[in-house]
Amino acid sequence: MTIFEQLSSYDHEQVVFCRDEAVGLKAIIAVHNTTLGPALGGTRMLDYPSEADAVRDVLRLSRGMTYKAAVAGLDLGGGKAVIFGDPSMKTEAMFRAFGRFVDTLGGRYITAEDMNTTVEDMGNIRRETRWVTGSEAAHGGSGDPSPVTAWGCFHGIRACLEVTYGSPDVAGRTVAIQGVGNVGFWLAKYLHEAGAKLLYTDVSSKRLAKVVDSFGGAVLEGDDFYRAEADVLAPCAIGGIINPRTIPMLRAPIIAGGANNQLDDERRDGEALSSRNINYAPDYVINAGGLINVYSELKGYGREKAMQDAANIFDTVKRVINKAKVEGTTTAMAANRVAEERIAAVHRLKRVYLPRA
Ligand code: NAD
C-alpha cells in the first residue's frame, strides 16, 4: 500500500514527516482527526525495524486516540508522533528540534509522554513550543497519571457490576488484578477501600509482596488468574491476554481493567466474550483516565477536577455496554460506534454567522 492509500484507509487528515539531520532527528507526526478539537497524543521513541513499521504504528495509534477522546467526551481529536531511534541516544537538541516541528502545526497537534519518552523530554520540547503536556506536578503539570487512570477503572468496574448484578456496590465482590504496577496498585487501593476481596497475579514477586502487605488478599499463579472464581478480572499489565487460548478458561462474568489492547483480536475475541455473556469494558474506554488527566492540564490542572472527570467513566462504560446489548454487537464495536456517532454529529455543526463589530 502506498502512504496515501494507508492515509485513506485509516482516514487521516495530515501526516508530517520531520527531518533535522544536524541533530539526528527523524520523526513522523500524525494528525488523525480534529473534528472535536486539537489532536492530542504522545510521542514515542523506538528503533523501528523499518520506516513502514513506524508509519503503520503512528497511523494506528493516532486513530486510536481519536476514538479514545471521542468516547471520553473530551474536546480533543486524535494524534500521535514517533521519533526513530534508540532511546539511549536521545539528546536535548533532538527533542528541541522535534518541538519546533510540533510548533509549526500551531496547536493542531499537542504532544505528551509515551513509550520511551519522559518528563525531561517534554521539558525540552516545551522550550520550543507550548503545544506539549506532561510536565512535572511541581511545575503545574499533571504529574503521574496512574492514580487517575486507576480511579477511572474503579468506576468502570462499578458500572460493569451494576449492569451484571443490578448494583454497583463493590463491597464483598471479588476482583482479580493482573499486574500490580502503577495502575494495578492504585486500583487495588480503591477496591480495598470500597470493601472488595482481592486476588492478584504479577511476574514481580516484589510487587506482589507490596500489594498483599498493603491491602491483604491472595496471590494467583500463572493461568489461575483466567480461571479465578471472581466477579471481575482486571487486566492491568500487558496486551493480547484475551485470546482463543484464555477465553475457554474464563469464569468471571466481567473483564474490566486498565491495560491497553487487552483483546488479541478486537472482533474475534470480542465476539467470543459476548457469546459467553461476559461483560467486557473496552480498554480504551475504561483506561481513559490518563488522557483525561493530561486534558485537564490544558485547562489549568487540578487533581481533584481530573479525578471527578475520570469518575464519569462510570456512565460511559454503562452506556457502551447497554448500546452493545440494544444493537446486538460487541462492547468493543459499540464503543467505536459511540465515537463515530459523536464525531459525525459534531462534524455536521453549522458555522454561525457573526457580524463584525
Ligand atoms: P507498570 O509497568 O507500572 O505495571 C505493569 C505491571 O504488570 C508490573 O508490575 C509488571 O511486573 C506486571 N506484568 C508484566 N507482565 C506481566 C504478565 N505477563 N503477567 C502478570 N503481570 C505482568 O505499567 P502501568 O503504568 O501500571 O500500566 C499498566 C497497563 O495499563 C499498560 O498496558 C499500560 O499501557 C496501560 N495504561 C496505563 C496508564 C497509566 O496511567 N499508567 C494509562 C492508560 C493505560
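FYI, the numbering just counts along the sequence from 1. It should be emphasised that the depicted structure is a prediction, and the values quoted were computed from it without experimental measurement. Counting starts at 1 for both ligands and their atoms, in listed order.
Residue Gly290 has no N or O atom closer than 3.5 Å to an N or O atom of ligand 1. The distance criterion of under 3.5 Å between nitrogen or oxygen atoms is met by Arg207 with respect to ligand 1. The shortest N/O to N/O separation between Asp202 and ligand 1 falls below 3.5 Å. Polar contact check, Gln178 against ligand 1: no nitrogen or oxygen pair lies under 3.5 Å apart.
Under the 4.0 Å criterion applied to side-chain N and carboxylate O atoms, Asp53 and Arg56 are assigned as salt-bridge partners. Ion pairing between Arg268 and Asp264 holds under the 4.0 Å rule for side-chain N and carboxylate O. We find that Arg100 and Asp103 are not joined by a salt bridge, their nearest charged nitrogen and carboxylate oxygen being 4.0 Å or further apart.
Under a cutoff of 6.0 Å and an axis angle of 45°, Lys68 and Tyr284 do not form a cation-pi pair.
The protein heavy-atom contact nearest to atom 43 (C) of ligand 1 is Asn287 O, 3.7 Å. Nearest protein heavy-atom contact of atom 34 (O) of ligand 1 is Asn260 ND2, 2.8 Å. Counting protein heavy atoms only, atom 14 (C) of ligand 1 is closest to Val203 CG2, 3.8 Å. Taking atom 15 (N) of ligand 1 as the reference point, the nearest protein heavy-atom neighbour is Ile238 CG2, 3.7 Å. Looking only at heavy atoms of the protein, atom 27 (O) of ligand 1 is closest to Val183 CG2, 4.0 Å. Looking only at protein heavy atoms, the nearest one to atom 4 (O) of ligand 1 is Gly181 CA, 3.3 Å. Closest protein heavy atom to atom 5 (C) of ligand 1: Cys236 O, 4.0 Å.
A distance-only check finds no donor-acceptor pair linking the side chain of Thr133 to the backbone of Glu297 [under 3.5 Å].
There is no side-chain donor-acceptor pair under 3.5 Å between Ser296 and Asn293. Looking at Asp309 and Tyr295, their side chains never bring a donor and an acceptor atom within 3.5 Å of each other. With no hydrogens or angles considered, no side-chain donor-acceptor pair links Thr330 and Ser274 at under 3.5 Å. Under 3.5 Å, the side chains of Asn33 and Asp11 contain no donor-acceptor pair of N or O atoms.
Contact atoms of ligand 1 toward Pro145: 40 (O) (distance under 4.0 Å to a heavy atom of the residue). Of all atoms in ligand 1, listed by their number and element, those nearer than 4.0 Å to a heavy atom of Ser146 are 40 (O), 41 (N).
For atom 11 (O) of ligand 1, a protein heavy-atom neighbour is found at a distance under 4.0 Å.
Nearest-heavy-atom check against atom 42 (C) of ligand 1 across Asn261, Thr149, Thr201 picks out Thr149. If you check each of Pro235, Cys153, Gly258 against atom 44 (C) of ligand 1, the one with the closest non-hydrogen atom is Gly258.
Distances from ligand 1 to the non-hydrogen atoms of Ala237 include at least one value under 4.0 Å.
The aromatic rings of Phe154 and Trp151 sit parallel, their planes meeting at an angle under 30°, below the 60° perpendicular limit. Using bins of under 30°, 30° to 60° and over 60° for the plane-to-plane angle, the ring pair Tyr67/His32 lands in the tilted bin.
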